[in-house]
Amino acid sequence: MVTNVLLCTVFLVVKICGATETEEGDLSGKWLESFKMTRAVWKMGFHRELVTTVECGPHSPEELHALLVQNLPRGVYVDPYQLASLQQDAGLQVLLDSEVDLEAPAYVSNGLSMFVYPTRDPGHPRNLQAVVPIHGRYHRPSSGPGWERIEIEPPRLFLRANDCVPLLPVAPRVLMDAPCSGQNLSMCKWMEIQLTQDQRHISLDLPVGDQSLVVLVCAGTMLVTLLCCVLIANAIWRHVSL
């Protein structure tokens with residue numbers, strides 16, 4: 001009787017282990033193909049927010065870290081001082097590949113690349129999300145009223161586990177050495193994920209100046225400046241006279 005119980009126990013353990021290994025083997029390709037990425041631009045005007053959401057599949061590991069390699073065109077930029085403040089206050093993690101000139105117009109600027117580390121969305125625990133503030137640069141004035149369209153290409157998606165070991169490298173995949181997070185300089189191995197869905201550029205329209213109004217704007221500016229000078233001089237003269 002005892003022998004039969006032991007044999008049954010061993011059989012059940014072997015069966016459960018075999019089923020687990022089979023399930024993990026089946027999921028090795030499926031869960032990597034279950035990721036979806038959506039992108040949007042929030043707010044209006046020159047100051048926007050670039051929102052990227054990575055939807056994890058139902059069988060993806062809980063302890064999963066994502067990295068977005070995002071290129072920005074020269075028509076927009078990010079403020080490193082604002083990013084540092086948001087990292088301290090809201091936990092936003094972004095690393096830039098170069099210095100950013102905040103005052104330069106678009107036609108003398110270069111594009112930039114950044115590492116964005118999305119975090120878990122409290123409202124949707126399976127989603128990783130990053131909200132990065134971006135700002136439009138000034139463009140050359142046009143011959144009439146108009147808008148400048150800025151196209152932002154989709155980012156590359158990389159994943160890693162807590163131990164910095166690439167996840168299930170069962171097929172040839174692109175591996176990259178990159179900082180483990182936006183808070184330190186230690187390096188980790190990241191594995192690129194090729195998304196099955198069609199990823200397209202997103203765009204935003206920025207207003208540009210009307211060159212035909214240069215004379216009118218300059219004349220109005222000079223008139224207002226002279227009027228203010230007269231009012232200030234008159235106030236000073238009255239004060240001295242008293």
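The structure presented is a predicted model; accordingly, all values stated were derived computationally and were not measured.
How far CH2 of Trp190 is from CZ of Arg156: 13.5 Å, rounded to the nearest 0.5 Å.
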Can I get a per-line list of side-chain donor-acceptor pairs under 3.5 Å for residues 73-85, giving both atom names and the distance, sequence neighbours left out?
from  : atom 1 : to     : atom 2 : distance (Å)
Asp79 : OD1    : Tyr81  : N      : 3.0
Gln82 : OE1    : His135 : NE2    : 2.7
Ser85 : OG     : Asp89  : OD2    : 3.4

List, one per line, each side-chain donor-acceptor pair under 3.5 Å for residues 121-128, sequence neighbours excluded.
from   : atom 1 : to     : atom 2 : distance (Å)
Asp121 : OD1    : Gly123 : N      : 3.2
Asp121 : OD2    : His124 : ND1    : 3.4
Arg126 : NH1    : Gly57  : O      : 3.1
Arg126 : NH1    : Pro58  : O      : 3.3
Arg126 : NH2    : Pro58  : O      : 3.3

Output a table of donor-acceptor pairs, distance under 3.5 Å, between side-chain atoms of residues 215-232 and any protein atom two or more places apart or on a different chain; print 'none' if there are none.
from   : atom 1 : to     : atom 2 : distance (Å)
Thr221 : OG1    : Val217 : O      : 2.7
Thr225 : OG1    : Thr221 : O      : 2.7

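A single hydrophobic cluster is seen to contain both Leu206 and Val100, as judged by linkage of ILVMFWY side chains at heavy-atom distances under 4.5 Å, directly or through other members. Hydrophobic clustering places Leu86 together with Leu102 (ILVMFWY residues linked when any side-chain heavy atoms are closer than 4.5 Å, directly or through intermediates).
Not counting sequence neighbours, the partners of Leu95 by the side-chain contact (heavy atoms from CB on, under 4.5 Å) test are Phe115, Tyr117, Pro179. Evaluation of the side-chain contact (heavy atoms from CB on, under 4.5 Å) rule for Lys43 yields Glu49 as partners, not counting sequence neighbours. Shown here are the side chain to side chain donor-acceptor pair (under 3.5 Å) partners of Glu153, two or more places apart in sequence or in another chain: Asn71. For Arg149, the side-chain contact (heavy atoms from CB on, under 4.5 Å) partners two or more places apart in sequence, or in a different chain, are Glu151, Ser203, Asp205. Looking at residues two or more places apart in sequence or on another chain, you find a side chain to side chain donor-acceptor pair (under 3.5 Å) between Thr53 and Gln129. Applying the side-chain contact (heavy atoms from CB on, under 4.5 Å) criterion to Asp177, with sequence neighbours excluded, gives Met187, Lys189. The side chain to side chain donor-acceptor pair (under 3.5 Å) test applied to Glu148 returns no partner, not counting sequence neighbours.
The backbone N or O of Ser109 sits nowhere less than 3.5 Å from a side-chain atom of Arg137 that would complete a donor-acceptor pair. Arg39 places a side-chain N or O within donor-acceptor distance of the main-chain N or O of Ile152, the cut-off being under 3.5 Å.
Cluster note: Val108 groups with Tyr107 through ILVMFWY side-chain heavy atoms spaced under 4.5 Å, whether in direct contact or through intervening members. Hydrophobic cluster membership for Trp42: Val51, Val131 (Ile, Leu, Val, Met, Phe, Trp, Tyr linked by side-chain heavy atoms under 4.5 Å, directly or transitively).
Side-chain atoms of Val208 and Trp147, non-hydrogen and from C-beta on, never get closer than 4.5 Å to each other. Contact annotation: the side chain of Val94 never approaches that of Gln87 to less than 4.5 Å [non-hydrogen atoms, C-beta and beyond]. Inter-residue side-chain proximity for Leu50 and Gln70 is flagged as met; some heavy-atom pair is nearer than 4.5 Å.
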